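Please read the structure below before turning to the comments.
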Amino acid sequence: LMKLCRWLKVCALSDFQAFRKCLKKIVLDDPECKSNKGLNFFDVAIGALNLAKTEGETTVPIKRRDCHWTCSCRDYYKKDSKKTLYMFAPIIKSS
């Protein structure tokens, strides 16, 4: 998530018009997990990506991944909450 947010912001800072067109959509898993403070990881990630899209002046759509009923990704996310938090929550660095 953080690399994708940085990439979307870089598009605003440089002349990457042709490169920016390569990204057709962003597909994001929904881990169906919440932080200790009740924040939904998916909603937080969508918010961070939308902010980066705004700063990167791109209109690429963000879609929720539709998993097959046999998919085990949600079990994986629930098993390691620290890693899931790292994957879905943006890290805010002061400048």
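What's counted below: heavy atoms across the whole structure, side chains too, no hydrogens, waters or symmetry copies. Predicted, not measured: the structure shown is a model, and the values here were computed from it.
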Check: Phe42 main-chain N/O paired with Asn40 side-chain donor or acceptor under 3.5 Å: yes
Contact summary for Lys83 and Tyr76, nearest pair of heavy atoms: NZ-OH, 2.9 Å
From NE2 (His68) to SG (Cys73), nearest 0.5 Å: 12.5 Å
Approximate separation, where rounding is to 0.5 Å, of Leu28 CG and Arg65 CZ: 8.5 Å
Nearest-0.5 Å distance, CD1 of residue Ile46 to CG of residue Leu51: 13.0 Å
Asp30 CG to Tyr77 OH distance, which is reported to the nearest 0.5 Å: 9.5 Å
Spacing of CZ belonging to Arg74 relative to OG1 belonging to Thr84, to within rounding of 0.5 Å: 12.5 Å
Donor-acceptor under 3.5 Å (Lys78 side chain, Cys33 main chain): no
Gap between atom NZ of Lys25 and atom CD1 of Ile62 - 0.5 Å precision: 13.0 Å
